[in-house]
Amino acid sequence: MDKLEIQGGVRLDGEVRISGAKNAALPILAAALLPHATLQIRNVPRLHDVKTMIALLDRLGAGVTVGENCQVEVDPTSTCEFTAPYELVKTMRASILVLGPLLARHGRADVSLPGGCAIGARPVNLHVDGLRALGADIEIEGGYIRARADRLRGARIVLDTVTVTGTENLMMAACLADGRTVIENAAREPEVVDLAGFLTAMGARIAGAGTDTLVIEGVERLHGCDYEVLPDRIEAGTYLVAGAITGGRVRARNARPQHLDAVLAKLRDAGATVTVGKDWIEVNMNGRRPMAVDIRTAPHPGFPTDMQAQFAALDAVAEGVGTVVETIFENRYMHMLELRRLGADIRIEGHTAVIHGVDRLSGAPVMATDLRASASLVLAGLVAQGTTEIQRIYHIDRGYERIEEKLGQLGAHIKRVPGGSH
Ligand code: EPZ
């Protein structure tokens, strides 16, 4: 596998263009199964997970054409298969997002259970219970979710835990159900709002996107549309932290500041000068060492769990002591163990990581375990003395488009080394 090799110690300076949001592109591609017509999706990021979702749509028989500049055309009218097989789902849990659309549009779906992953058990009980509330007949057998429904019926669904893809699956299914669906305690993430925008562009009737209560009036059928995916706020946040951790200046272009309020507040607490425009965000540390900050993750608009690992790296070299509390996933601390290998002083007490900032980290070989953990190791490598080698960077390629090119544009000394066997 490929590795990334980073020479630390360079203060980043420059600007980087943010790609389309992975966590909006994935549900939107799944929702492309719903209409009775061809549709265009623009600003689709070139990521491994997007390739996997496109491969899944292909497998289902939908016609998918990937254009030159991040544009994808989908013709769902040729869909003829209704199974999301284990060998695809095990590589990307977001495959579960085809469950709602296949069931609503074709009355059937057999989707492999995703199983756990590095950051936690990640069950899908809320997806299944919600679809049952909409009238689906669902059996779990042989590691598959087997769902059948002649016509889904609108219902009131209360989610006991805020779930992003659970909200998305149920919102997609409800678009073609008979009658009104109300989803309470719905996820409010910008990616959920973007999916609602896409569905509405196809003729769905959805109110309340971005609030914790969604109201969907089912319609008979959806038509095509031409839609642009919103920018990736987590990619933007990651590059802004890269500027802060190196004491430098980074401007993220094609980014929406209003989607990162909690993250920008923490960057200001760390001592950064943060300036924003309509579609850009700039962080400037003016050569200073960051101050330690306390992080507690929460559903949007709280501090995003997908930015927790990046701030753990920032705290690792900050002035003072910072704490990190992860409330969404039960095991999203793997990166802390790898950061320790670089010299970070981190103690985990229950669900709280206590991080004493150190003057310097020293480069070492480390291993990525999940997408955002690998991003935090890259960030630490940017400031560690000497060479940091990050193995298993396929995790990174799942969620960051050309990370070594974009960081290279900012002045980082980073290169991709074609991998050996491990
Ligand atoms: C989405 O995952 C994102 N993935 C994740 O991003 C993100 O970390 C997560 O939301 C939280 O924001 C995509 O959007 C493709 P959840 P999702 O359902 O939907 C529990 C990344 O780095 N839960 O919101 O799978 C679950 O165990 C990825 O891009 C149930 O108990 O997360 C967790 O504790 C990583 N039952 C909590 O809810 C269910 O049926 C939130 O999970 C569903 C979820």
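Values reported hereafter were calculated over all heavy atoms of this structure, with side chains retained and with hydrogens, waters and symmetry mates removed. Each ligand, and each atom within it, is numbered from 1 in the order the structure gives.
Between H106 and F82, the ring-plane angle classifies as tilted under the 30° and 60° cut-offs.
Between M53 and L26, the shortest heavy-atom contact is CE-O, 3.7 Å. The heavy-atom pair separating A25 from P45 by the smallest distance is CB-CD, 3.8 Å.
A side-chain donor from one of Q391 and E389 sits under 3.5 Å from a side-chain acceptor of the other.
The six-membered or imidazole ring of F303 lies near that of F311, with a centre-to-centre distance under 6.0 Å.
A cation-pi contact, defined as under 6.0 Å to the ring centre and within 45° of the axis, is absent between R253 and W280.
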Ligand 1: protein N/O within less than 3.5 Å of ligand N/O:
residue, atom, partner, partner atom, Å
ligand 1, 2 (O), R122, NH2, 3.3
ligand 1, 6 (O), N23, ND2, 3.3
ligand 1, 6 (O), D306, OD2, 3.0
ligand 1, 8 (O), D306, OD1, 2.6
ligand 1, 8 (O), D306, OD2, 3.4
ligand 1, 8 (O), R332, NH1, 3.4
ligand 1, 18 (O), T163, OG1, 2.7
ligand 1, 19 (O), T165, N, 2.8
ligand 1, 19 (O), T165, OG1, 2.6
ligand 1, 22 (O), R372, NE, 2.9
ligand 1, 24 (O), V164, N, 2.8
ligand 1, 25 (O), R122, NH2, 3.1
ligand 1, 29 (O), K22, NZ, 2.8
ligand 1, 29 (O), N23, ND2, 3.0
ligand 1, 29 (O), R372, NH2, 3.0
ligand 1, 34 (O), I328, O, 2.6
ligand 1, 36 (N), P123, O, 3.4
ligand 1, 36 (N), N125, OD1, 2.7
ligand 1, 40 (O), P123, O, 3.3
ligand 1, 40 (O), N125, N, 3.1
ligand 1, 40 (O), N125, OD1, 3.3
ligand 1, 40 (O), L126, N, 2.7

